[in-house]
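Working notes for the structure below.
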Amino acid sequence: MWGLVPLFWPLLKPAGAVEILAHRMVWSLLFVGVALLALRRWGWIPELVRSPRKLGLITLAAAVITVNWGLYIWSVNTGHVVEASLGYFINPLVTIALGVLVLKERLRPAQWAAVGVGFSAVLVLAVGYGRPPWISLTLAFSFALYGLVKKKVNLGGLESLAAETAVQFLPALGYLVWLGTRGTLAFGSHGAGHTALLAATGLVTAAPLVCFGAAAIRVPLSTLGLLQYLAPTFQFLLGVVYFHEEMPPERWAGFSLVWLALTLLTWDALRTARKNRAAVEAAVSAARTETAPAETTPAETAPTTGDTGGEAGTAPVSTPSAQPGR
């Protein structure tokens with residue numbers, strides 16, 4: 001759904017990007033409000049209201065995602081789908097850079113190499129465009145910062161979206177009312193179908209996020225990370241094949257470097273996951289080996305007590321050291 005969303009925003013013309021953004025905020029709050037009401041998930045609100053720090057972070061997240069949403073809508077509707085897709089290809093590299101600069105995380109050599117290759121790609125694209133790829137960089141940095149803020153807030157996907165759109169709601173509604181007083185509001189002026197599409201911006205925003213939240217607790221993190229490359233891949237293909245945007249050689253070179261960086265990241269993540277899994281399995285095996293003899297007494301090993309021998313054989317399975325292997 002995230003990969004195919006560039007097909008949706010052009011359907012909302014002649015509404016401008018800012019009006020579409022305002023509708024997205026208003027209708028998203030209504031959609032997630034209904035979802036939370038159906039799920040009866042309201043317990044997080046009092047705790048959030050009592051925490052000025054979290055409220056401040058939610059406000060910051062709302063401001064950052066407003067920039068991201070607005071720029072993305074404008075990019076798609078003005079023929080910059082490929083450059084927008086590049087922003088989400090770069091995003092993992094920017095997220096890693098923020099982890100180092102803000103959270104003081106330590107990178108493995110392959111991650112450093114990926115960041116270096118990604119920086120080279122930006123330089124190549126800047127030369128090719130004759131300017132820095134500001135759309136891509138703004139989308140990448142805004143979404144990475146959004147992710148960092150959400151990590152600090154520690155709210156669920158649906159709850160976080162509800163809180164953020166609650167912050168956005170009044171300014172967005174005020175802007176729509178202002179457009180209406182000027183007679184330039186597209187909502188309701190271009191037929192029932194166009195009106196329904198503008199209202200559907202809430203569903204288009206929330207549905208993939210709900211699916212992502214559901215997948216996050218069911219799918220291994222390494223698989224989830226790989227799947228997230230599908231969205232910018234679809235966006236890139238739509239930009240080239242469907243919207244027929246130009247791809248001169250220097251742009252292909254820049255994208256190739258970005259893809260090389262992402263390949264390095266993916267290879268490193270999979271290798272690290274395999275190492276960690278092997279280490280856990282080895283620890284479990286060692287723990288079983290150590291605990292089995294300790295729980296076997298001389299009386300239990302006597303030939304006349306065959307039943308207790310069976311119990312000793314099953315004991316390691318119920319010990320805490322065996323649980324990581326489940």
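Just so you know, these numbers use all the heavy atoms, side chains as well, and skip hydrogens, waters and symmetry mates. Position 1 is the first residue of the sequence; numbering continues from there.
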Determine whether a donor-acceptor pair (N or O, by modelled atom type, separation under 3.5 Å) exists between the side chain of [X] and the backbone of [Y].
X: S142; Y: L139; value: yes
X: E47; Y: W44; value: no
X: K13; Y: N77; value: yes
X: H194; Y: L12; value: yes
X: S85; Y: V82; value: yes

Linking I/L/V/M/F/W/Y whenever their side-chain heavy atoms sit closer than 4.5 Å, directly or via other members, would [X] and [Y] fall into one cluster?
X: W267; Y: L230; answer: no
X: V81; Y: L11; answer: yes
X: Y242; Y: W9; answer: yes
X: V67; Y: I135; answer: no
X: L125; Y: L123; answer: no

Can you check side chain to side chain contact (heavy atoms under 4.5 Å, CB included) on I90 and F141, steps first, answer last?
-> CA-CA 9 Å; I90 294 175; F141 275 91; over 6 Å; no
Take atom CZ of F119 as the centre, draw a 6.0 Å sphere, and report whether it contains more than 12 heavy atoms from other residues, nucleotides or ligands.
-> no
Using a cut-off of 6.0 Å, state whether more than 12 heavy atoms not belonging to F234 lie near its atom CZ.
-> no
Please name the pair of heavy atoms, one in [X] and one in [Y], separated by the smallest distance, quoted to 0.1 Å.
X: A121; Y: G254; result: CB-O, 3.4 Å
X: V94; Y: A140; result: CG2-CB, 3.9 Å
X: A261; Y: G118; result: CB-N, 4.0 Å
X: T95; Y: A144; result: OG1-CB, 3.6 Å
X: A22; Y: A172; result: O-CB, 3.6 Å

Interatomic distance, [X] atom [atom1] to [Y] atom [atom2] [nearest 0.5 angstrom]:
X: L170; Y: L29; atom1: CG; atom2: CG; answer: 9.5 Å
X: L93; Y: L98; atom1: CG; atom2: CG; answer: 11.5 Å
X: L270; Y: K275; atom1: CG; atom2: NZ; answer: 13.0 Å
X: L238; Y: H244; atom1: CG; atom2: NE2; answer: 11.0 Å
X: N68; Y: I65; atom1: CG; atom2: CD1; answer: 4.5 Å
X: L185; Y: E19; atom1: CG; atom2: CD; answer: 4.5 Å

For [X], ring pair (Phe, Tyr, Trp, His ring centres under 6.0 Å) partners two or more places apart:
X: W252; value: F236
X: W69; value: none
X: F143; value: Y88, Y146
X: Y175; value: W178

Check the pair V26 / T165 against side chain to side chain contact (heavy atoms under 4.5 Å, CB included), numbers first and verdict last.
-> CA-CA 7 Å; V26 169; T165 50; over 6 Å; no
Summary of salt bridge (charged side-chain N to carboxylate O under 4.0 Å, His left out) pairs that have at least one residue in residues 55-68, sequence neighbours excluded = none
Would you mind listing every salt bridge (charged side-chain N to carboxylate O under 4.0 Å, His left out) that reaches into residues 67-82, with sequence neighbours excluded?
-> none
Does a donor on one side chain and an acceptor on the other come within less than 3.5 Å for T66 and Q168?
-> yes
Please output the side-chain donor-acceptor pairs of residues 32-43 that fall under 3.5 Å, not counting sequence neighbours, one pair per line with the distance.
{"from": "R41", "atom 1": "NE", "to": "E159", "atom 2": "OE2", "distance (Å)": "3.0"}
{"from": "R41", "atom 1": "NH2", "to": "E159", "atom 2": "OE1", "distance (Å)": "3.2"}
{"from": "R41", "atom 1": "NH2", "to": "E159", "atom 2": "OE2", "distance (Å)": "2.7"}

Co-members of L260 in a cluster of I, L, V, M, F, W and Y side chains, linked at under 4.5 Å = V117, V124, L257, L264
Apart from M1 itself, members of its ILVMFWY cluster (side-chain separation under 4.5 Å) are none
Chi angles and distances behind the side chain to side chain contact (heavy atoms under 4.5 Å, CB included) call for L265, I96 | CA-CA 10 Å; L265 280 183; I96 288 175; 3.3 Å; yes
For E83 and R131, what are the C-alpha separation, side-chain angles and deciding distance, and is it a salt bridge (charged side-chain N to carboxylate O under 4.0 Å, His left out)?
-> CA-CA 13 Å; E83 193 171 350; R131 57 170 174 80; 3.3 Å; yes
Derivation and outcome, side chain to side chain contact (heavy atoms under 4.5 Å, CB included), residues V76 and F8 = CA-CA 9 Å; V76 171; F8 178 73; over 6 Å; no
Run the ring-centre check on F31 versus W27 and record whether the distance is less than 6.0 Å.
-> no
Quick one: are [X] and [Y] in side-chain contact, heavy atoms under 4.5 Å?
X: H190; Y: T195; value: no
X: Y72; Y: V5; value: yes
X: P249; Y: R251; value: no
X: L86; Y: F255; value: yes
X: L262; Y: P92; value: yes

Identify every side-chain donor-acceptor pair in residues 196-210 under 3.5 Å, counting partners at least two apart or on other chains, and give the distances.
{"from": "T201", "atom 1": "OG1", "to": "H23", "atom 2": "O", "distance (Å)": "3.4"}
{"from": "T201", "atom 1": "OG1", "to": "L198", "atom 2": "O", "distance (Å)": "2.6"}
{"from": "T205", "atom 1": "OG1", "to": "R24", "atom 2": "NE", "distance (Å)": "2.6"}
{"from": "T205", "atom 1": "OG1", "to": "T201", "atom 2": "O", "distance (Å)": "2.8"}

Applying the ring pair (Phe, Tyr, Trp, His ring centres under 6.0 Å) test to H80, which of F243, W74, W134 qualifies?
-> W74
Taking only residues two or more places apart in sequence, or in another chain, which ones meet R271 in a salt bridge (Lys or Arg N to Asp or Glu O under 4.0 Å)?
-> D268
List in chain and number order the residues that pass salt bridge (Lys or Arg N to Asp or Glu O under 4.0 Å) with R106, two or more places apart in sequence or in another chain; answer none if no residue qualifies.
-> none
Charged N-O contact under 4.0 Å between E164 and K54 = no
